[in-house]
Protein chains: 2
Amino acid sequence: MFPKLDPLLHSELRLAVMSILVGVDEADFTYLKKQTGATSGNLSVQIDKLMAAGYITVEKGFKGKMPRTTCKITAVGQEAFNKYVESLKEYLSAGK
Amino acid sequence: MFPKLDPLLHSELRLAVMSILVGVDEADFTYLKKQTGATSGNLSVQIDKLMAAGYITVEKGFKGKMPRTTCKITAVGQEAFNKYVESLKEYLSAGK
DNA sequence: TTAATGTAGTTTATATTATAAACTTGTTTA
DNA sequence: TAAACAAGTTTATAATATAAACTACATTAA
């Protein structure tokens with residue numbers, strides 16, 4: 001009835017990041033920062049965690065002379081996201 | 001785009017408790033414990049927090065000689081729950 | 001040319017939170 | 001009457017989220 005919610009996704013900022021990434025081919029650090037309104041530090045940490053879990057890939061390159069970090073969701077991440085959404089539904093519909 | 005998620009509801013156990021309570025007139029401690037699979041300690045703490053926030057009422061009585069704690073959702077809690085669900089939808093549908 | 005300001009992050013310190021272990025109070029059973 | 005059980009609560013710990021402080025380099029202003 002109440003499956004365990006993936007703790008990597010059950011986090012405000014990481015969920016926001018993943019929600020953005022499912023709908024887009026890729027997104028860079030500054031874009032994610034703007035969209036989520038997060039601080040750089042927080043975003044950096046949460047991106048690391050998603051990467052460590054294999055939910056996203058992170059590429060560091062340059063845009064001109066400026067550093068640029070690009071994130072993409074992986075198949076594993078996509079799968080985990082879907083599963084999380086399904087789990088959540090079970091919670092929310094428990095009272096019916 | 002990404003509204004703040006009510007931290008009182010964005011918690012696995014408290015969300016489970018609230019999900020049960022929205023669909024039922026009242027529920028007692030042991031019932032909630034069985035349904036959620038939580039430990040007594042954890043459940044006790046989380047019920048306190050929901051009560052402190054005014055999301056539920058807690059009545060302590062006896063069933064025969066045994067103590068019995070009964071929980072009910074309040075209008076405020078109902079409202080907060082609905083709002084939380086709406087907010088979540090915004091997250092999950094962000095990528096569309 | 002160098003000082004100041006801005007950009008794109010990372011590291012680390014702190015404060016909050018969730019959670020379980022240990023405890024309490026009383027009840028039933030052996 | 002001692003042991004085991006029921007229904008919780010309190011407290012200690014471990015995990016987490018978050019922002020503040022920092023690094024490295026680029027651009028602009030003096």
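In what follows, every heavy atom counts, from backbone to side chain, and hydrogens, waters and symmetry copies are set aside.
With D:dA7, C:dT17, C:dG9 as the choices, the nucleotide that has an atom nearest any side-chain atom of B:Pro67 turns out to be D:dA7. The side chain of B:Val45 lies closest to C:dA20, out of C:dA8, C:dA20, D:dT18. Nearest to the side chain of A:Glu12, among C:dT19, D:dT18, D:dT9, sits D:dT18. When distances run from any side-chain atom of B:Phe29 to the nucleotides D:dT9, C:dT17, C:dT19, the shortest one goes to D:dT9. Closest to the side chain of A:Lys65, from the set C:dT19, D:dA26, D:dA7, is D:dA26. Closest to the A:Leu13 side chain, of the nucleotides C:dT7, D:dT18, C:dT17, is D:dT18. Taking every side-chain heavy atom of A:Ser11 into account, D:dA17 is the closest of C:dA18, D:dT9, D:dA17.
Between the side chain of A:Ser44 and the main chain of A:Ser40, no donor-acceptor pair closer than 3.5 Å is present. Between the side chain of B:Thr36 and the backbone N or O of B:Leu32 there is at least one donor-acceptor pair closer than 3.5 Å. The closest donor-acceptor contact from the side chain of A:Thr74 to the backbone of A:Gly54 lies under 3.5 Å. Of the possible polar contacts, one joining the A:Arg14 side chain to the A:Pro7 backbone as a donor-acceptor pair under 3.5 Å is found.
Counting any heavy atom pair closer than 4.0 Å across all strands shown, A:Thr30 reaches sugar-phosphate atoms only and no base atom. As judged by a 4.0 angstrom heavy-atom cut-off over every strand, B:Ser44 is placed among the base-contacting residues. When heavy atoms are screened at a 4.0 angstrom cut-off, A:Lys49 is found touching the sugar-phosphate backbone but no base atom. Within 4.0 Å (heavy atoms only), A:Lys33 reaches no atom of the nucleic acid at all.
In this pair, B:His10 and B:Tyr84 present their aromatic rings tilted. The plane angle is within the 30 to 60° band.
The side chain of A:Arg14 contributes an N or O atom lying less than 4.0 Å from OP1 or OP2 of D:dA17. Between B:Ser40 and D:dG8 there is no side-chain polar atom (N or O) within less than 4.0 angstrom of OP1 or OP2. Residue A:Lys60 has a polar side-chain atom (N or O) positioned under 4.0 Å from OP1 or OP2 of C:dT10. Note on A:Thr69: a side-chain N or O is less than 4.0 Å away from OP1 or OP2 of C:dG9.
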| task | Report the C-alpha distance between A:Tyr55 and A:Asp6 in whole Å, list the side-chain angles of each, state the deciding distance to 0.1 Å, and finish with yes or no for side chain to side chain contact (heavy atoms under 4.5 Å, CB included). | result | CA-CA 12 Å; A:Tyr55 286 7; A:Asp6 183 342; 2.5 Å; yes
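In this structure, A:Asp48 atom CG and C:dG9 atom P are separated by 12 Å, rounded to whole Å. Following rounding to the nearest Å, A:His10 (NE2) and D:dT16 (C1') show an atom-to-atom distance of 12 Å. With rounding to whole Å, A:Lys4 atom NZ is found 13 Å from D:dA15 atom P. At whole-Å resolution of the value, CG in A:Asn42 and P in C:dA8 are 18 Å apart. The CG atom of A:Leu50 sits 13 Å away from the C1' atom of D:dA17 (whole-angstrom rounding). If you take OH of A:Tyr31 and C1' of C:dA8, they are 18 Å apart, rounded to a whole angstrom. Distance, B:Leu43 CG to C:dA20 C1': 13 Å, rounded to whole Å. A straight line from CG of B:Leu32 to P of D:dT9 spans 12 Å, rounded to a whole angstrom.
Between A:Met66 and A:Leu8, the residue whose closest nucleotide on DNA chain D is further toward the 5' end is A:Leu8.
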